[in-house]
Structure formats: structure tokens, C-alpha cells
Amino acid sequence: MPDTVVGKSVSRVDAVAKVTGKAKYTGDFVMRDMLVGKILRSPYAHAIIKNIDVSRARALPGVAAVLTYKDVPRNRFPTAGHPHALDPKHRDKADRTILTDKVRFVGDAVAAVVATDELIAAEALKLIAVEYEVLEPLLTPEAAMAEGAPLIHDDCPGNILSSGGYEIGDVEAAFQEADYIFEDELETSIVQHCQLENHISIAYVDSDGRIVIITSTQIPHIIRRIVGQALGIPWGRVRVIKPCVGGGFGSKQDACLEPLAAAMTLAAGGRPVKLELSREECMIDTRTRHAIKYRIKTGVTKDGKLIGMHIRAIANTGAYASHGHSIAMAGGSKFRVLYPMRALKYEPYTVYTNLPVAGAMRGYGSPQITFAVESHLDNIARKLNLDPVEFRLKNLVQAGYIDPLNGNAVRSCGIHECIARGKGLIKWDEKKARYKGQTGSKRRGLGMACFSYGSGTYPVGQEIAGARIVLNQDGSVQLQIGATEIGQGSDTVLAQMAAATLGLPVDMVHVISTQDTDIAPFDTGAYASRQTYISGMAVAKAATEVKEKILDFVRGMTDIPAHALDIEDQNIVYKHSGEVVMPLAEVALQSYYDPVFARPITSDTSNNARINAFSFGVSFAEVEVDLKTGKIEVVEIYNVHDSGKIINPQLAAGQVHGGVSMGLGYALSEQMLFDEETGKPLNNNLLDYKLPTIMDVPDIGVDFVETFEPTHPFGCKSLGEPPTIPVAPAIRNAVFDATGVAFARLPLTPQLVFARLKAAGLVQEGGDGCV
Amino acid sequence: MTRQYLFATSPAECLALLAAHPGARLIAGGTDLVIDLKEEKRQVHTLVDITRIPELKIIHEENGRIILGAAVTHTRAAASKLIREKLPALAAAAAAVGSPQIRNAGTLGGNVVNAQPAADTAVALVALGAEATILGPEGERRVPVEELYAGVGRSKVDASREILTRFTVDLWGEGEGSAFTRLSPRRALSLPMLNVAARVQVVDGKCTRARVCVAPVAPWPFLCEEAAAVLIGQEPSAGVIARAAAAAREAARPRDSLLRGSSSYRKDMTTVLVTRALAEAFSLAAGGKSN
């Protein structure tokens, strides 16, 4: 396929709308008679509501409705943004009701108010009297799993949401044969997405009595189903509209607000209700990234081959299931293709606690397990006196490998080349030599970490995608897709694919960015780094169908066989010579208005992609550690990715910049903190939660090893989530290289680093030993 | 809820407006006060804005003193050539506050009257020995900045009836230097885990004057006389600095905070930051360049 569009950094299709402020986000929808919704939140981490008196709130002038668990349907529903499973055994855990009579974390929604404005709503919240029977808060998985611990959900013994793992081969037998056995314990922290746009939904009842929800979501079609389940109404009675979205990173791959927003408008006689969270609310009552503790035991042969690994993981999933069970499994499956070994046993426990709900977040379990495994591998390399890169090269996957559990195959594999490029960019060998035997109070070190990741969720999840293309009278097309632009740039790369197939410039592809479940084709949404790969397949299929219809129409006009024709630069041409037959616009016009043969050309396509592709990559980091303060400065960092063919280099680099920044925060400064007794959040705001600022982010080096993935018409693989995955372990390994201290938890705050350096004797008493 | 927002054009008018509206309160940059109002930590029906009073915005040198109006913003203090040259600790402290937006609005006077123990410019002003001029119904008084604190968040300046108009810093002359250091979890929009300002003077090779302020290791910016006592009369050297830093560490009483840092870490860091601030201050005193 001649390519003047794919592989080019064309401008985002929404660039002008966004920079001029014309792009419409949920908060930009202003409606007549719109009411405001607000939520009363629990001050306790674990308590039963004994009594709740809303009479004073209801009596306040300007209050349209006050809701408690008594006033809303009590259907239990799941919130995770997954395709619905026909098999009830494979469904997400339905552990939520719209409002609850038992609160399970500080900030859990107890009651809701709908009022004419925000001030009245806030005033009404203060008038609600709640009597609680306070229960013991369980703030760690250990406490939650302890014998005799109270149950957070009555139907979940031991507070263990899920514990299914797997074993490939026989791990104990492998350990018997190993020359060395290594063990480590590593853990990650709870962090938050901090997407730019807070969660917001507007709900109303339309003139036909259907519930319409305009919402900032990654998954409009799934939200329709979940709202239907929550309210106990047919799913077709719900219409979900997704306008521009200011980021999600997984926190909007979940039904956080929509069921309550729907209940609010129903309680307010169908008037529009806007439910918008503040940043402080967003940080406690949407989703977080799971903190996971790992114990890893690994068997290695004398020549540095990994032959067996046993990973035990305990994930803190917080108060409700969300994606919890699925994240532990996804993390445990996507990483394993990187170092195929004879035996691998994975034993995850996902545990309820009385903390905010953990759910999907960029990487979906992979940043955690990659931190653990890649740190563990560096610990092993040091003990074996092997260069960390050489150690990995002895064990890395090759093209042709097939995952023994899910059957997914490695068909394109650029990880070796990624490592070679990364080594060159950071000058690995030269600097490794130079930094040997440092003595000063500032020490430099180099580290790296690899990852593997999927493109979509097959075969665990269904990977259905939809696209619709309409050829206009002027030869341009509308492209409508079911998957969702949330800032990542999918509308643009999908437009590029349609344009490339149809011989059009990108500005002749008009993307309908809004997904409206009444009219948008079905697609499960933006998650799992699936749009370019999965939704791209549907777009290519639809565009190919439109192209076939165009060429067939030309055959009717000219008697030239369709197989001899092609479309190039908006012209119908002879395939063999490139000679122009007629402009595409002429065909398009004829297709609408030919008195006899008029048949406007469209395609409405769905693609059920029963396939997956592994993407790979590596982070190389150089750090400087101040031994006197424990401060770490990332001096240089490079991410090199094999995401197959890069459709839009500038957008791809942007993904890497964002992902690396997220990884830097994960490595060095971000963590949600809670009072250790009460579970009250201590830093659910952007002052006390240390998301890196632009001042904290060094220049980020980006490179791509462009393999061609044969399962995709354009050869691409996933890129949305991957850049954030290897960053924290690369930085941790660089700090290990600089100091010789094997750090085992995130984030590497100055205080934590200093304490370990001091314990290791690298800092003399008083901190001024090294000059 | 705030119902009136008034502008004063002179300190005298400001006092008159406060007197005429009991319960009214001054507002300068509002970077702390507005948050308190929004969170309903304070109830103020009338605010009197002092940012349009010209004499509160001066920065100049006269008779061997630097005069800074209380409504000078952090941005201006950080950018002022005079301050960067003569009082580098203050310029560095002002540059460390919040973000560009906060520095554009927040003022030196507000940083002191808000009475937070580790307010960056307040810490620098204490180390510099700044005196505050306060105008009230009873007339004018001058008080060293470190004596304006009644507790965390509680100032002896009563912003409902008095106005802090200016800071005065005496120049010490030949052989003086000052510096500010700070440890924070990120480079912007971050309260300090610890900050230190130091001012020294070296005459004939001996340290003749020294002031070291450390925060937050007490309910207010902590003027560490123990550290100064070690320095005075001594020839500046790494050993002397280390002893002064050790004295500061000994005297510091930081609290344990999950958010801002443990007591033991901040005690250890007191040594490091005092060492760094003194090393730089002595280097400047010896004619070196500020980094």
C-alpha cells in the first residue's frame, strides 16, 4: 500500500479545536434548568450506617432531591470496564450498589444531594445526620487476611477477592536443578492517575423517557450496560455520550459516577444533573493503582540462564473489586513472555482493605510486576557478577516463541535491538567503566529494565471493534469509530489508516470524535493499549470495504475491472501504470446522483480480533545520588520501544514522554498516604501528592525499533501504556548501581533512600561524613 | 462568606477601613488566606486589599539599610538586582516559593503574618535579622521578625487592626554573605521538608557576626543561636562549619510527619543543610559568587 500518510507526523485532527478552546468537554455542556449533584462522604474507613436522617436537607429551599441507599435501586453491579461475559462465572465481581448502607473506606458515598446550585448542595450535605457503628478498619492486606478479621464484604471469606494463579512446568523441580537460588521481597505503593480532567457526568431524562448520560469516560458502550445493570432497566433505555475527554489513564475505564448521576436525574424528575468531582474527591473516590507486595524465588544455572521462578503477590485492592482480580492476572501474564523459562509459578492474592478502590491504571499490573522482576534480576546479576544487560540477553525471548498458556505468539520481536540502541544512547559501557570506584558524596549509576506487553486483551477478553465510513459527495469521508479518543491521539492515527487505505490526505477524513451509544459502532473502548491495534483493524477493514465499493462503482462507470484499479492522491488510477482514470470526487458525486445507479457508498464494520501482539521496550537511566540527603537526580533517561510500525512518530513520542514522566513520579515521589490508624487520606491533593512538575522531569530520549507486526494491516503494536512500565525499575537499578544498596520498595523518596544509605554505612553519623 | 472587598490606598486609610468594619481583615496576595476562606477555616465578611498601596511595594537601599515594602511579591524579591546582590538568601528563598503564579501574588509580609514555621522568605528574613514595621491604632512599632510569632499559624501582628508596612535589613558591610538552602520532594509547588538560611560576616579572617535560621524544627522559624555561638570569633573552616551544623542539629526539634518527613531524617538533614548554607554564605563573604 503506497504510504504518504501512515508513518508521518500529521497534526492531530483535534489540535486546532483543543488549542482554541472550541473542543467540548463534558463540563462545557450547559443546559437549561441544570441541577448540581454532590456526595456526602464517610469519615470512617469501615462502618455500618445505623441511621441516616435527611429531613433537614430535604427541607432546604433549592434542594431537589436527597438520596440514600434507601432511595436508590439496590441492585449489585460490577464497575470494571470489561466486555460483558456471557458465562456468569467469568463476570466481574458485582459488589457495588449505587449508595451503600455500609461504608468501606474514608470517602465512600453515603448520601447524595441534588440542588439548584453548588452552594445549596454543599449546605444540604451538612444537614444530613448519619449515625455510624464504627468497625475495625483493615488497612493492609495482612490485617485483612488475619484470622478473625471482620469481613469487608460478607460474601468474601478472608477478604480475599481472588487468588487464581498458574504454574508452567514444575517450579520445584527446576529449583532442584538450579545452581543458584535467589530470593527477594519487593513492593510498590498506591498511586493515582492525576489525569487533567476530573471525573464528571451530566445525566438527564430525554423526551422519550430514556436516560442520557454525557460523561468523561473511556468506555461509553460499557457504561451503558453498567448503568442498565445498576438501575435494573433494559440497557437500551440508557444512552451514553462521550465528548472530548481530558485524560483517563484507566481511571475512566470504570463506572465511577454514571450510575449515581442517573439515579440523581431520576430523583429530580428527569432534570439535567451535573455531578463533577473535585480533585480531592477524585483522588479518593475514583480509582488508584494497586500496591502489590512480591516474594520472588528464582533458580539460575551457572551460565546465567533462568530456569525457574516462583512469584507470590499480594495486591491491595481497596474497598471494592473494580478491576482488582483481573489486574493481578494481567500483570502475571503479560510480563512472562520476556524471559521464557522452563518453569514459572505465579500465585497472586487480591485482597480487600478499607482503602480507596484500586483499579485500572496505565500498565494494568505490569508496572508493579516489572518493578519487582526487573529489580530482582539486577540483584541476581550483581551476585553473579554479570553485567545486567548481558544477563538479560542470555534469557530474552526470540521471535517464534508461543506463550504456553494463552497461545499468543511472538511474531515480531525488536527487544534485542531496543537494548542495543539504549546501550548506545546512554553510553553504557563507557560510563560503567568511568563510574567504577567512585568515592565522593554524589554517586552516579546506570540502570536499565525491559518489559513485554500485550496489544489488547485477547484471549482473556473479547476484542471487538467497530468502524463506519461514509463517502461524501466531494470524495471526503466521515470516519466513525467505536473506540474512544481520550487525549491519546487515537482519532488521528485511525484517520491516518483510513486515509492511507483510501488514497486520501488526512484532512479529507472527517473523524466523528464523539461516541454516542445510540449511533456509534460498538467497541468496548480505550484501554489495554488496544486502539491502534484492535480498532485499527476495524478501520482498515471498513476502509478496504469502501475502497472495494468505490472501485466496483468505477467498474460500472467505465467497464475497467476493479482489480486493475487503485486509488491514489484522490484519483482513481490504473494499478499497473498509475495513469489517472478519473478523480475520486467524480465517482463520489456519481454514487449519490446517478439517475439509475446511485448508491451512496458506506461501510459499517465490526471486527472481532481473536489475536494479540507483544510489544517490547526498554528504559535506560542514569542517576546521581546525593549520599548526604538521599536525593536522586535522573540525569539521563532513554526509552526505546518496539511497538511495530509507528503510525505517527510525533504522537508516539508524546506517548513516551507522558509515560516516562508517569514512571518518574512512580519511581521517586508519588504515593498516596493514609493515617495508619484511621485510614484517612493525608494527601489527596496536588500539593501534598508529589506528582512531578515540569521542573522535575529531565529531557526524555525516545527511540523506536520499527518491526512489522504481521497480524496487523499496518504492522503496529501497542504503545499507549508501555512507556511507563520499565521506568521505575530502570531508575531503581541505576540507584543500585550507584550505591550498591538493593532498594526494594517504591517510591525512592529522599528519606527512604537516606535511611537505607545510612544503614549501609554509606553516610557517617550526622550526614556530613562524605565531602 | 466574604461580602465586601475594599482597596486601601495608604496605610492610614487601611487602618481607618479596618476600624470602620469590625471583623474585617487585611489581604495581600491571598495565596494562603483565600484557601482558608474557601475551606471555611476563617470567616471574614470584609477584606481590605493592601496591594495598591505604593509605599508597601518599595525595594530600596538607604543609609546602609535595605527597605522592603511588606507587599513586595516573591517574584519581585527574587528578581530584584539589589536583593540578589545584597541579600542573596532572601532572593533565593523568594525564588523557592510555590510556583510562578503563587510568587506573582504572594508577598513577603503575607509570608510572615501567615506565621507558618517554614515559610521560605520568613526563614530568610529571620536569618537576615530583618525588622518589621507595624502600624496600628496605637502608632508604629518595630519588631524583629522572629519575635512576631505566637504559635503555628498565629502571628502577633493582628491583621484585623494592624498593618505590617515594611521590613528593614541593616547591611553589615564588608565581608558579609548570606545563603538559603532547601530540601523538598520536588522542584516546584512544594513545601520544604527543611529549609535553612544563614548570614555571616567575616572581618580580618574571623567570623564576627552570624545568624542561622532552620525550619520547620520549632513552631516558628527557629533562630539557632547555638550554631551562631560556635561560629563567632572563629576562623571559617570546614571544621567550624561542621561544629556549628552539629550544634544546630542538637538544638533542632523537628516533628514526625508522614507527609513532610520524619523527625530523625530532618534532624540529620539539619546538619547537611546548615553545612551547605554556611559554606555558601562564607564563600560569598570571602568575595565568591553566589550559585
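In what follows, chains are A, B, ... by sequence order, proteins preceding strands, each numbered from 1. These values consider heavy atoms only, across backbone and side chains, with no hydrogens, waters or symmetry-generated copies. From a predicted model like this one, the values you see are computed outputs, not experimental measurements.
In this structure, Arg756(A) forms a cation-pi arrangement with Phe743(A), its terminal cationic atom sitting closer than 6.0 Å to the ring centre and no more than 45° off the ring axis. For the pair Arg362(A) and Tyr666(A), the cation-pi criterion (under 6.0 Å, within 45° of the ring axis) is not fulfilled.
Exactly one residue among Thr353(A), Thr188(A), Thr288(A) makes a side-chain hydrogen bond (donor to acceptor under 3.5 Å, both in side chains) with Asn316(A). That residue is Thr353(A).
The shortest non-hydrogen separation linking Val274(B) to Ala248(B) is CG2-CB, 3.8 Å. Among all heavy-atom pairs drawn from Ile700(A) and Ser661(A), the shortest one is CD1-OG, 4.0 Å.
When heavy atoms are compared at a cutoff of 4.5 Å, Arg276(B) approaches chain A solely by way of its side chain, counted from C-beta outward. The contact between Leu258(B) and chain A is made by backbone and side chain atoms together, counting heavy-atom distances below 4.5 Å. In this structure, no portion of Glu280(A) lies under 4.5 Å from any heavy atom of chain B. Within the 4.5 angstrom heavy-atom criterion, only side-chain atoms of Glu40(B), from C-beta onward, approach chain A. For chain A, no part of Ala246(B) is nearby; none of its heavy atoms comes within less than 4.5 Å.
In terms of heavy-atom pairs under 4.5 Å with chain B, the best-connected choice from Thr629(A), Leu682(A), Asn683(A), Leu673(A) is Thr629(A). The candidate from Leu189(B), Leu273(B), Thr270(B), Leu259(B) with the greatest count of non-hydrogen atom pairs under 4.5 Å with chain A is Leu259(B). For the set Thr749(A), Leu691(A), Ile694(A), Leu668(A), the entry with the most heavy-atom pairs within less than 4.5 Å of chain B is Leu691(A). Among Ser669(A), Gly630(A), Pro750(A), the residue making the largest number of heavy-atom pairs under 4.5 Å with chain B is Pro750(A).
The closest side-chain heavy-atom distance from Arg289(A) to Gln192(A) is not below 4.5 Å.
Here the straight-line distance linking atom OG1 of Thr2(B) with atom CD1 of Ile27(B) works out to 8.0 Å at 0.5 Å rounding.
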